[in-house]
Amino acid sequence: MPVCWLFSEEGLHKPIHLPHWHASYWVEDQKQQLKTKNVLVSKLLHIVNDLYPYTIQFKEDLIGEQRGVKRPREHISVDKEVSGQDTRPLTTKNNEKEKSVVPDTQTSKSDGSSGHWNQGLKVSMQDPKMQVYKDETVVVIKDKYPKARYHWLVLPWQSIPNLKALRKEHCDLVRHMDEVGKQMVCQCPDTDSLRFRMGYHAIPSMSHVHLHVISQDFDSPCLKNKKHWNSFTTDYFIESRDVLHMLESDGRVCVKDNTSELLKLPLRCHICHKEVSTIPALKEHLKSHF
DNA sequence: GTTCTAGAAC
DNA sequence: GTTCTAGAAC
Ligand SMILES: Nc1ncnc2c1ncn2[C@@H]1O[C@H](COP(=O)(O)O)[C@@H](O)[C@H]1O
Ligand SMILES: [Zn+2]
């Protein structure tokens, strides 16, 4: 069970522990009440997302997990007395120290500083306003142009350009990205009524490897063309678990040669497979499945 | 005439 | 990846 925190990115207050099933809290400067009574706290993430500068930190309860192995804590600057010693959030409000969590790859090209459009994820992932979850190895942001009601991107802090660069040694990382993706689905307020898929675009446009976590309603004004549709509903979308299995068995991810042609296939409903002629007709058809 | 797609963007 | 828009498709 994750431990949840209300965490001020601006250091406005000490992290507030949000126990499951218990009390309610006022976030006074936002005039918002976070009711956690009778609610699993992880379900509150969507509320907190709207309360910039707040983010929720999930952290597995370490009781009985540590086996005497101490996690390095040099980079932690949050106040010790706020919580039980071993359940503190790992993010700090101190920028200098926070950088130590993000591998610094000297080559100035790994931080999106070139300003080219395909570096946009590197910029967004570093922006606290975009982050909805982060830990030692990954960060989750809301997709800036969501193609469904819920659309998140899970990115490693480590700069890995794309699927082709993944090797066996990335198995643990990719498995963790998958687990964090599942956590995002679990905390979604509509997790019971919506189906989700998690996967990678075989040929991404944006640099920095990222896992799509996307609800299957595809009900979004940002979904505008055939490429958008086919990139999420054909084999152009490679399931997270398939990527993991390929890495475990072959040490790399196989992308077939004809993959780019999948984007030109006729529009077809992902639920009943009916072919539709235009995007507006598809959007109208999808309503019949809501 | 309006809707919709698809290619340029330096 | 997105925006913009010319002209294809209806
Ligand atoms: N600056 C950005 N910040 C966050 N998400 C973005 C940004 N630019 C593009 N995206 C999303 O990133 C995804 C990249 O798609 P792909 O490279 O095909 O996996 C798309 O879903 C975009 O909507
Ligand atoms: Zn259908």
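Below, each value reflects all heavy atoms present in this structure, side chains not excepted, and no hydrogens, waters or symmetry copies. Per chain, numbering begins at 1; letters A, B, ... match sequence-line order. None of the values given here were measured: they were computed from a predicted structure.
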- Has A/Trp117 got its ring stacked on the base of C/dG1, with centres under 5.5 Å and planes less than 30° apart? yes

- Any ion pair linking A/Lys264 and A/Glu261 (charged N to carboxylate O, less than 4.0 Å)? no

- Query: How many Å lie between CD1 on A/Ile279 and C1' on C/dA9, as a whole number?
  - Reply: 16 Å

- Parallel, tilted or perpendicular: which fits the ring planes of A/Phe196 and A/Tyr150, with parallel below 30° and perpendicular above 60°? tilted

- Message: I want to verify a distance call: between C/dT3, C/dG1, B/dT5, whose nearest atom is closest to the A/Ser205 side chain?
- Response: C/dG1

- Query: Out of B/dC4, C/dG1, C/dT3, which nucleotide sits closest to the side chain of A/Thr278?
  - Reply: B/dC4

- Item | Interatomic distance where CG belongs to A/Asn225 and C1' belongs to B/dA6 [whole Å] | 9 Å

- Message: If I take atom CZ in residue A/Phe232 and atom C1' in nucleotide C/dG1, what distance separates them, rounded to the nearest angstrom?
- Response: 11 Å

- Query: Counting any heavy atom closer than 4.0 Å, what does A/Pro280 reach on the DNA or RNA strands: base, sugar-phosphate only, or nothing?
  - Reply: sugar-phosphate

- Counting just side-chain N and O atoms, does A/Lys264 come under 4.0 Å of either OP1 or OP2 of B/dG7? no

- Counting any heavy atom closer than 4.0 Å, what does A/His228 reach on the DNA or RNA strands: base, sugar-phosphate only, or nothing? sugar-phosphate

- Item | Pair A/Asp178 + A/Arg175: basic N to acidic O under 4.0 Å | no

- Query: Is any NZ, NE, NH1 or NH2 atom of the basic residue among A/Glu169 and A/Arg167 found under 4.0 Å from an Asp or Glu carboxylate oxygen of the other?
  - Reply: no

- Query: So, is A/His210 near the phosphate of C/dG1, with a side-chain N or O under 4.0 Å from OP1 or OP2?
  - Reply: no

- Message: If I take atom CD in residue A/Gln119 and atom P in nucleotide C/dT2, what distance separates them, rounded to the nearest angstrom?
- Response: 16 Å

- Round to the nearest Å and state the distance from A/Leu263 atom CG to B/dA6 atom P. 12 Å

- Message: Please report whether the ring centroid of A/Phe232 lies less than 6.0 Å from that of A/His151.
- Response: yes

- So does A/Lys227 get a side-chain nitrogen or oxygen closer than 4.0 Å to the phosphate oxygens (OP1/OP2) of C/dG1? yes

- Message: Tell me the interatomic distance from A/His116, atom NE2, to B/dC10, atom C1', rounded to whole angstroms.
- Response: 11 Å

- Task: Send over the distance from A/Leu155 CG to C/dG1 P, rounded to a whole Å.
- Result: 15 Å

- Message: Measure CG/A/Leu223 against C1'/C/dT2 and give the value in whole Å, please.
- Response: 14 Å

- Note on the structure: Across every strand shown, the nucleotide meeting Watson-Crick or G-U wobble geometry with B/dA8 (both distances under 3.5 Å) is C/dT3

- Look at A/Lys226 and B/dC4 and indicate whether a side-chain polar atom (N or O) is within less than 4.0 Å of OP1 or OP2. no

- What's the closest nucleotide to the A/Lys224 side chain, out of C/dT2, B/dT5, C/dT3? C/dT3

